[in-house]
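Here the structure is laid out as structure tokens; the discussion comes afterwards.
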Number of protein chains: 2
Amino acid sequence: MIKMKQATINDVARIAGVSKRTVSRVINGSLSVGEHTRTKVQNVINELKYSPNTQARGLASSRSYLLGLIYDNPDALYLDSVQRGVLEVCSNLGYELVVHPCRYQSPTLVQDCLRFISRSKLDGIIVLPPVSELEELAQALKDSGRAYVRLSSVALDEPCHIVVSDDRAASAEMARYFAQLGHEKIAFITGPQAYKSTIERMEGFQLGLSAYGIQLRADWIVEGDNSYEKGIECARQLLLASERPTAIYANNDQMAAGVLKVAHELGIAVPAQLSVAGFDDNMLASRVIPSLTTIRRPVRQMALLAATKMIMSIENNDKGAEQVAAKVAPTLVVRESTAKVRQS
Amino acid sequence: MIKMKQATINDVARIAGVSKRTVSRVINGSLSVGEHTRTKVQNVINELKYSPNTQARGLASSRSYLLGLIYDNPDALYLDSVQRGVLEVCSNLGYELVVHPCRYQSPTLVQDCLRFISRSKLDGIIVLPPVSELEELAQALKDSGRAYVRLSSVALDEPCHIVVSDDRAASAEMARYFAQLGHEKIAFITGPQAYKSTIERMEGFQLGLSAYGIQLRADWIVEGDNSYEKGIECARQLLLASERPTAIYANNDQMAAGVLKVAHELGIAVPAQLSVAGFDDNMLASRVIPSLTTIRRPVRQMALLAATKMIMSIENNDKGAEQVAAKVAPTLVVRESTAKVRQS
DNA sequence: TTGTATGCGTTATCAG
DNA sequence: CTGATAACGCATACAA
């Protein structure tokens, strides 16, 4: 097996009998190249299996063809979806995706991320929630002059820099669904108060309920942290109280699974005696018994939109990025864990 | 906010009053630099917050400081662990991680991967199972002259190129556990026959059982594909038959969850009437009711080892890579889904 | 429409 | 131990 050196632009130029400038034009799809010349060069490129050296190209044009993905979410069951989605858009345009897992809690988070993007000379950065909600990071991203897109539940940036998931509307839909099932004694387990998604989902839910004249009792709003363990803890608090809700909406599927666990321990039948719902539609939701009614986030679609915006920003200088849709709608998925309230 | 151009090696050289060659030596930790000169240069570097341009460096040294991760496995939690593990080792050495999701089934898989590594000029590639088991890809990797490490359940490459998870031994342990619980009527739901892990887990299980004089009945070995849905299908087949096993071991947690689902539907109590176990210890295992007895794969540790091997290969030319441990041992995690067989 | 010359920020060669 | 100087492969003013 002979170790061939990769063909360079010079090889192509020499063999095609043109200057490298012309080859460069062909590569970059310049319009000012004669039809004849173009095909001639293209043929040589194909024969030599030539593909431009990304590093050299980057060095000369100060572009890296590298996109970054900053994420934290510990139960990022959608990480794979995001990565595939982004690459589906970017891969055949010549971009690669560099990942940067981090910790939302870390005191050096912003600094770390900045070192990451400047060291890698990224052309663009996609930031997932909840890290995406850090204004300090966003400002630094803006200052860096690089393209970036944030995913969030709130439109906390200009249209070209954000893709929002309308968690508020989705939660309102869940509220409507609960109300229509006849539930009135409803509890809500929140996520971390620092997250925008927590606020959106809670307010959306309350708003939705109020349309049916239902109001959440203060002691039936308990603060969770999106973890399974905390879900269990909160569920205990709710289900061991003197008066019990007939339905519990948890800020995510993890906590909803915790509620199922506690209900099972206490011998409370779901959904006969208690309806339970979550948010995310991650793997758990459909596997757990009873399967969870939840809200499905169109993760893949968000990734596609974010990637499209990024490319627009990079190649068309923000002009077109604003045209790309910026909002997606999560949808209600009804499964086994919810039912009409039982007359008691 | 002034947009500062990044300082270059020239700036450092000029200000420090030395040649850029010397600065380069300092950066790369060359030994042949005077102590005085070194500290002088280092000070300027710190003051200017200079960090070398990866692209230029790569162009000159034909190294990219980019590592690639080729994967197919849809389980995102696993993916996150791997990514974090690899970066923990490589990040402060200046490497970044580029991801390449792919489809094991795709006819152009090998070709895609090769285009990926050659286009990105990766210094090294880590391949996760089951893609790691493709010999055609491995050969191509070898031919490319790049460093690479495969993760698998079998030692299908030289020590410097592989990290193996001893699924066979782990399965044998599960067999011992089952036997000690008194089970004799045991069924096994396999993974895809094409995967090495499937064979290892099945053979390990059979070997372990045979130590107790137990043999798997042929009709109690059913072929699954590691999906939840197929798990359900296989479970139906096993549990609706005239004679029922008292224990089912599934090739992964997804399918085990499917077994729980069917058992629940059929009113078969787990673990009272049926013991169920899986493999992986993914999020599902601990969340499901009853929680699953399973085998925990030390994913993080595997990632660390793989990354360490990679770095060794890249920087010390395979010499040291062989010294790094190449095998990890998954461990039995006992939860609620298994119990002593009931005398009937 | 095509070509020439120069620079991008490093590393590497070879002297001193 | 240190320093000029030539690659590295490509893009881009500037010419022609």
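Note that the structure is a prediction, hence the values are computed from the model and not measured.
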Residue [X], side-chain heavy atoms: nucleotide from [options] that is nearest:
| X | options | value |
| --- | --- | --- |
| B:Ile9 | D:dC10, C:dT10, C:dG9 | C:dT10 |
| A:Ser32 | C:dG9, C:dT2, D:dC10 | C:dT2 |
| B:Leu59 | C:dT10, D:dC8, D:dA11 | D:dC8 |
| B:Ser61 | D:dA4, C:dT11, C:dT1 | C:dT11 |

**Prompt:** Are A:Glu315 and A:Arg63 close enough for a salt bridge, meaning some N to O gap below 4.0 Å?
**Reply:**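 Yes, this pair counts.
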**Item:** B:Tyr148 six-ring face occupied by B:Arg150 cation (under 6.0 Å, within 45°)
**Value:** no
What does [X] touch in the nucleic acid at a heavy-atom separation under 4.0 angstrom: a base, only the sugar-phosphate, or nothing?
| X | value |
| --- | --- |
| B:Thr37 | sugar-phosphate |
| A:Thr8 | sugar-phosphate |
| A:Val23 | nothing |

Specify the separation, in whole Å, of atom [atom1] of [X] and atom [atom2] of [N].
| X | N | atom1 | atom2 | value |
| --- | --- | --- | --- | --- |
| B:Asn53 | D:dC8 | CG | P | 18 Å |
| A:Lys121 | C:dG9 | NZ | P | 9 Å |
| B:Arg14 | D:dG3 | CZ | P | 15 Å |
| A:Lys20 | C:dT6 | NZ | P | 13 Å |
| A:His36 | C:dT1 | NE2 | C1' | 13 Å |
| A:Arg63 | C:dG9 | CZ | C1' | 19 Å |
| A:Gln6 | D:dC8 | CD | C1' | 14 Å |
| A:Asn28 | D:dC10 | CG | P | 11 Å |

**Prompt:** Has the side chain of A:Arg25 got a donor or acceptor atom sitting under 3.5 Å from an opposite partner on the base of C:dT1?
**Reply:** no
**Request:** Classify the side chain of A:Arg21 and the base of D:dA11 as holding, or not holding, a donor-acceptor pair under 3.5 Å.
**Result:**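 Donor-acceptor pair under 3.5 Å: no.
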**Message:** With a 4.0 Å cutoff (strictly under), does any side-chain N or O of B:Ser24 reach OP1 or OP2 of C:dT11?
**Reply:** yes
**Prompt:** With respect to the phosphate group of D:dC10, does any side-chain polar atom (N or O) of A:Tyr50 fall under 4.0 Å of OP1 or OP2?
**Reply:**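 Yes, because at least one side-chain N or O of A:Tyr50 sits under 4.0 Å from OP1 or OP2 of D:dC10.
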**B:Asn43 and B:Glu47 side chains, donor-acceptor separation under 3.5 Å** = no
**Request:** Answer with yes or no whether the side chains of A:Tyr65 and A:Arg57 bring together a donor and an acceptor at under 3.5 Å.
**Result:**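 Indeed, the side chains of A:Arg57 and A:Tyr65 share at least one donor-acceptor pair under 3.5 Å.
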**Message:** Return whichever of B:Thr22 or B:Ala60 has its heavy-atom-nearest nucleotide of DNA chain D closer to the 5' end.
**Reply:** B:Thr22
**Prompt:** Can you tell me if NZ on A:Lys142 sees more than 12 non-hydrogen neighbours from other groups inside 6.0 Å?
**Reply:** yes
